[in-house]
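So the structure is just underneath, and the comments pick up after that.
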Amino acid sequence: MSKPPGPDDEQRYQAAISKDARFDGVFFIAVTSTGIYCRPSCPAITPKREHMRFYRTAAAAQESGFRACKRCRPDASPGSPEWNIRADLVGRAMRLIADGIVDREGVEGLASRLGYEQRQVRRLITGELGAGPLAIARAQRAQTARVLTETTTVPLSEIAFAAGFTSIRQFNSTIQEVFAVTPTQLREARARAARGRAARGGRRVGSRGKAEAPGRATLRRGTAAGMRGVPGGSSPLEIAVRLPYRPPIDLERMLGFLAARAIPGVEAVEDGRYQRTLLLPNGTGILSVGAGDGYIDCELQLEDLRDLTAAVQRCRRLLDLDADPQAVTAALAASGPVLAPLALASPGRRVPGHVDGNELALRAVLGQQVSVAAARRLGARLVAAYGKPLERPEGTLTHCFPAAETLAAADPATLPMPRARATALTGLATALASGELSLDPGAERDRAEAQLLALPGIGPWTAAYIRMRALSDPDAFLPSDVGVLEALRRLGAVPAGVSRAAASRAAAELADSWRPWRSYAVQHLWASIERENQS
């Protein structure tokens, strides 16, 4: 997909004047007279136009010598929706950097996953965004470090390495440069604020209330000595994070979608919260998400604090929190009479993603030609036989979904499913385990789909479903899907009585007018079937 047009400086200025929160995270405003940078919706008085500079990323503003505004916390803005839309190198790189790949593997690892030389990756990213991959990763580390410094009792020396810094000196200088205070002053300021709230009868830090700002985290239980990777640690640390998004959001339907597909032992939906286990780069974890007051309330249990950045980003992909629902709704509402009523009736519709592309792909194969309930049962049997048990189960959460390496080594004859599907599953697992097929956030979507279709037992429906959910492609479409075709028939958009092949062709032609948001169109069509079946 080509680079989408973005706002020009005049449009950015108008967004700043109107305090338009839709643009938070899309660009940042630096003020030359104060030396700070803000999000467009910052409540401070709008500076004069000649004092304003506009940047695509927080890292670019920081590279130009500006520090983050302490009032609007621009580093805690929602992510830009541009990076999921784009399929070029810069878009792929930004998705990988957000997942923490530079912290784990360096720019060399980033370039290797993108299939380009390091010099070319640096040149393209810096040329377009005004900051290179190291600077963008550094800005992300600063945000993680600030969250942990202000809201946990983890020693600052441990926070430095947990956030991805390579030395204490680098950690100290970055915090000083970005926030104009030392890490110690950052922690002391937060403690004073907490004491002030307590004196006024306010909520304590750590309560699930408005005491925490959007995008902030707080230690819920455990101490630094309870962290793996911290001397003497053995128990996981639980951190509560507020995840910002651009409203509106139909979280109820999202949780219902996930609940219908939840595999026992790995996932659960209870009391309006979705919970699941995580297999992260440095250990296992557990997440729990639910509705907050203008944010998503996310609780994480992590064996290793270095996984915080990856865990948060995977939660965001799971719930499609970086989307711009108003832009999607406007486009679909203008696409014609078929989808317009659905889009306008549910403007907060999101596309459920996933926390692990490999897991989603393997589960998609399990769900081929069977009902959602049957796929859940198959998944539960597979997890019981091959899943990784948690050292500390949490309620009904007992296992992580089997890794691709584990299933690649399994004998298809022993898997609890028909032989043809078992062979397809192990074939896919082998391709994933070997690295021949990549479904990480920076995967090249067209190439991944072609590779999937080349594997035995994987057809167009499965490949498109994986593209939509595992790769967070906003423009994937499933023209042969039973639910899509049934919804279109009920809407009178596809004639009844024609063959499935003819109906699929008609659906594909109709969907051309829904680009580049066909994944959202699929969710609207599926949701319409869910509502009618429930009524």
Side-chain angles (χ1 to χ4, degrees), residues 1-86 88-95 97-98 122-143 146 174 177-180 213-215 244-247 321-328 330:
M1 186 178 297
S2 61
K3 174 185 171 182
D8 57 29
D9 281 359
E10 182 56 33
Q11 291 170 323
R12 294 184 178 109
Y13 179 59
Q14 293 302 322
I17 292 175
S18 60
K19 309 293 184 184
D20 196 333
R22 292 178 300 168
F23 292 95
D24 288 354
V26 175
F27 68 89
F28 298 86
I29 302 168
V31 184
T32 58
S33 57
T34 62
I36 66 171
Y37 72 95
C38 305
R39 59 173 80 196
S41 67
C42 182
I45 297 174
T46 304
K48 294 181 179 179
R49 175 66 181 85
E50 59 265 28
H51 294 159
M52 300 171 73
R53 301 290 184 272
F54 302 108
Y55 294 94
R56 299 275 297 283
T57 63
Q62 293 170 16
E63 285 287 281
S64 297
F66 296 94
R67 61 175 175 80
C69 175
K70 295 179 181 179
R71 187 170 182 180
C72 71
R73 301 282 184 154
D75 54 320
S77 300
S80 173
E82 179 179 351
W83 309 129
N84 266 359
I85 299 171
R86 291 175 58 168
D88 62 356
L89 181 142
V90 174
R92 294 167 57 205
M94 290 298 285
R95 293 194 292 271
I97 294 170
R122 289 193 183 96
R123 178 177 60 81
L124 290 172
I125 295 176
T126 304
E128 181 172 336
L129 302 180
L134 280 176
I136 295 170
R138 174 177 174 268
Q140 186 167 275
R141 290 182 205 127
Q143 159 66 357
R146 179 181 64 79
T174 298
E177 181 179 338
V178 174
F179 302 113
Y245 61 86
R246 296 173 187 83
L321 296 184
D322 290 336
D324 182 352
Q326 294 189 44
V328 175

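Please read all numbers here as calculations on a predicted model, not as lab measurements.
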Handout entry: Side chain to side chain, Cys72 and Pro43, heavy atoms closer than 4.5 Å
Key = yes
Handout entry: Minimum side-chain heavy-atom gap Thr174-Arg141 below 4.5 Å
Key = no
Exercise for the section: Output the distance between atom CD1 (Ile29) and atom SG (Cys38), rounded to the nearest 0.5 Å. Expected result: 7.0 Å
Exercise for the section: Anything under 30° is parallel, anything over 60° is perpendicular, the rest tilted; go ahead and classify Tyr55 against Phe66. Expected result: tilted
Handout entry: Closest contact, heavy atoms only, Ile125 versus Ala93
Key = CD1-CB, 3.6 Å
Exercise for the section: Without swapping roles, check the side chain of Arg56 against the backbone of Leu129 for a donor-acceptor pair under 3.5 Å. Expected result: no
Handout entry: Under 3.5 Å: donor-acceptor pair, side chain of Lys19, backbone of Pro40
Key = no
Practice task
Considering non-hydrogen atoms only, spot the tightest contact between Ala16 and Thr46 and give its length.
Solution key: O-OG1, 3.7 Å
Handout entry: Shortest non-hydrogen separation from Pro244 to Ala76 and the atoms involved
Key = CG-O, 3.3 Å
Exercise for the section: Quick one: pull up CD in Glu177 and CZ in Arg138 and give me the separation to the nearest 0.5 Å. Expected result: 4.0 Å
Exercise for the section: Side-chain contact test, heavy atoms from C-beta onward, threshold under 4.5 Å: evaluate it for Arg12 versus Met52 and give yes or no. Expected result: no
Exercise for the section: Rounded to the nearest 0.5 Å, what's the gap from CD1 on Ile97 to CD on Gln140? Could you check? Expected result: 8.0 Å
Practice task
Evaluate the side chain to side chain contact (heavy atoms under 4.5 Å, CB included) criterion for residues Thr57 and Glu63: first the C-alpha distance (whole Å), next the side-chain angles of each, then the deciding distance (0.1 Å), finally the verdict.
Solution key: CA-CA 10 Å; Thr57 63; Glu63 285 287 281; over 6 Å; no
Practice task
Specify the closest pair of heavy atoms between Pro81 and Val26, including all atoms of both residues, with the distance to one decimal.
Solution key: CD-CG2, 3.8 Å
Practice task
Answer whether the closest heavy-atom distance between the side chains of Tyr37 and Arg53 falls below 4.5 Å.
Solution key: no
Problem - Side chain proximity check, Phe28 to Ser77, heavy atoms < 4.5 angstrom - result: yes
Exercise for the section: Working to the nearest 0.5 Å, report the span between CZ of Arg92 and CZ of Arg86. Expected result: 12.0 Å
Problem - Backbone of Arg246 reached by a side-chain donor or acceptor of Arg22 within 3.5 Å - result: no
